[in-house]
Each structure stands twice: as C-alpha cells, then as structure tokens.
A.B. asks: 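Pasting in a structure now, in structure tokens, and then I'll have a few things to ask.
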Amino acid sequence: MKKQFLIISGFAIITSALIFSCAKKKDNGAITPTYKEEATGTGGNPNVGNQTVTGTATLTNPATQNSNLTVGGSGWSNPTCSSTFSTTLKGINGGIDVTLTFAFPPSTGSYAIAASPNASSCSMVVTNAPNQPAGIVWYGKTGSVAVTTTSNGISASFTGILCTQQNFNFPTVGVSGSLGCN
C-alpha cells in the first residue's frame, strides 16, 4: 500500500511541476519584443532614413604608411609671438600646420613631448602632414624639444618626434626641424 501511495504521490508531483512550468508567465517589468500593431509609441525608427546603430562603431584608419616631416627653412612661416612670453610656437607651410604648446612661457632647456603640457613637457600637433590623407591631425607621442630663449625671441629644435593619430598608433609621422618666433 505504501508503495502505491508513493508512486501516485510522485506522479502527482511530477504532473503538477509540468503544469506549472508550462503556464504562461507575464512579467510586467520586462522589455519584450512585440508586433508593431501591439506596441505603443511610433513602432519604428524615428529617423526612417537613418540606420539605428547599437554598440560601438568600428573606426577605420585612413592613413596607411609612415611618413616624415621636416619643419622650418624655405617655405615655412613662423607667425610672430605676441611677446617672448608666448606659450605657443607655430610653423605653417601651405596646408601643413605644426604647433608646439607649452603650459608656461618656456625657458632655455629641454622639454619632453607629452599629451598635455606641464612644467617640464610640451605638446605637438601636426595637421595635414605630407604623404598622408588631408585633414588628419597627428599628436606628438614621444621625443624631446630643445628650447632656446633670448630677449628677442624663442626657438625650439627637435629631431625624430613620433606623432600618431588620436585613435591609432600606426602609421606614424616623424617630425624634425625647428620652430621659432621673434
């Protein structure tokens, strides 16, 4: 008799478990897909002509090869500084623009290239480097700058400063030469 009771009660437990597991559950707090006719709101992309992108977009690098740039000399203009206390040195040659920025007016000495300038470093930005696609901005990553200041002006010389794009470490632009203002 016990054996039959155990079999019947076991069968009843299994049957009730199956019935409860198959019952439709509705969670009012969950976001669930539905048909447009059943949905509230617009039921579609509010910008019909535009795709809606989720996640992150993959960046593509337009530059494909390393190049070098020599700053200064024939064809380069160095806009004059407002005074010997300027924190920016700029060189322009056609569409090429090279800018050195210091946190404070520089004094004679050596400055490391950094992402943002401080007391012992400066930053370099190059726009439209030669043999690179137009419009790309290159940022100084490594190197150093030797600065000489006089009562008449400021000059900076550098060799082999490595510049990269903001989102890509390859390719690179090597920058050498000099900038000044007087």
Side-chain angles (χ1 to χ4, degrees), residues 31 44-182:
I31 297 173
N45 184 351
N47 301 318
V48 179
N50 274 337
Q51 286 183 324
T52 304
V53 179
T54 58
T56 58
T58 303
L59 300 173
T60 6
N61 189 349
T64 59
Q65 62 185 7
N66 294 338
S67 65
N68 291 305
L69 168 63
T70 303
V71 179
S74 179
W76 284 88
S77 66
N78 295 313
T80 56
C81 301
S82 57
S83 72
T84 56
F85 297 109
S86 179
T87 58
T88 304
L89 297 176
K90 184 181 273 275
I92 299 171
N93 184 349
I96 304 168
D97 186 322
V98 178
T99 305
L100 270 177
T101 305
F102 299 87
F104 308 102
S107 56
T108 299
S110 181
Y111 292 82
I113 291 293
S116 57
N118 62 39
S120 62
S121 67
C122 61
S123 65
M124 177 179 274
V125 176
V126 177
T127 306
N128 295 324
N131 302 317
Q132 298 294 346
I136 295 179
V137 179
W138 301 85
Y139 299 91
K141 189 165 184 142
T142 61
S144 64
V145 176
V147 174
T148 304
T149 57
T150 65
S151 60
N152 296 330
I154 305 167
S155 66
S157 61
F158 38 88
T159 303
I161 292 179
L162 183 66
C163 296
T164 62
Q165 297 170 67
Q166 188 169 15
N167 295 319
F168 302 103
N169 289 328
F170 176 82
T172 61
V173 172
V175 183
S176 299
S178 62
L179 289 172
C181 68
N182 43 20

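In this text the structure is predicted, and so the values were computed from the model without any measurement.
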A.B. asks: Would you say that Ser155 contacts Thr148 through its side chain, given a criterion of any heavy-atom pair below 4.5 Å between the two side chains?
C.D. replies: yes
A.B. asks: Do Ile113 and Val145 come within less than 4.5 Å of each other through their side chains, counting heavy atoms only?
C.D. replies: yes
A.B. asks: Should we say atom CZ of Phe168 is surrounded by more than 12 heavy atoms from elsewhere, each under 6.0 Å from it?
C.D. replies: yes
A.B. asks: Hey, mind stepping through Ile154 and Val147 against side-chain contact (heavy atoms from CB on, under 4.5 Å) and telling me if it holds?
C.D. replies: CA-CA 7 Å; Ile154 305 167; Val147 174; 4.0 Å; yes
A.B. asks: Show every side-chain hydrogen bond (donor to acceptor under 3.5 Å, both in side chains) that has at least one partner inside residues 112-124, sequence neighbours left out.
C.D. replies: Asn118-Ser120, Asn118-Ser121
A.B. asks: Checking Ser86 side chain against Thr88 main chain: does a donor-acceptor pair fall under 3.5 Å?
C.D. replies: yes
A.B. asks: Is there a side-chain contact (heavy atoms from CB on, under 4.5 Å) between Trp76 and Val98 once you walk through the steps?
C.D. replies: CA-CA 10 Å; Trp76 284 88; Val98 178; 4.0 Å; yes
A.B. asks: Name the atoms and distances for all side-chain donor-acceptor pairs under 3.5 Å in residues 62-73, with sequence neighbours left out.
C.D. replies:
| from | atom 1 | to | atom 2 | distance (Å) |
| --- | --- | --- | --- | --- |
| Asn66 | OD1 | Thr172 | N | 2.8 |
| Asn66 | OD1 | Thr172 | OG1 | 3.3 |
| Ser67 | OG | Pro130 | O | 3.3 |
| Ser67 | OG | Gln132 | NE2 | 3.0 |

A.B. asks: Going by heavy atoms in the side chains, are Trp138 and Pro171 under 4.5 Å from each other?
C.D. replies: yes
A.B. asks: Using a 3.5 Å distance criterion without hydrogens, assess whether the side chain of Thr99 forms a donor-acceptor pair with backbone atoms of Lys90.
C.D. replies: no
A.B. asks: Within the structure provided, determine whether Leu179 and Asn78 are in side-chain contact (heavy-atom separation under 4.5 Å).
C.D. replies: yes
A.B. asks: For Asn167, give me all partners under side chain to side chain donor-acceptor pair (under 3.5 Å), at least two apart in sequence or on another chain.
C.D. replies: none
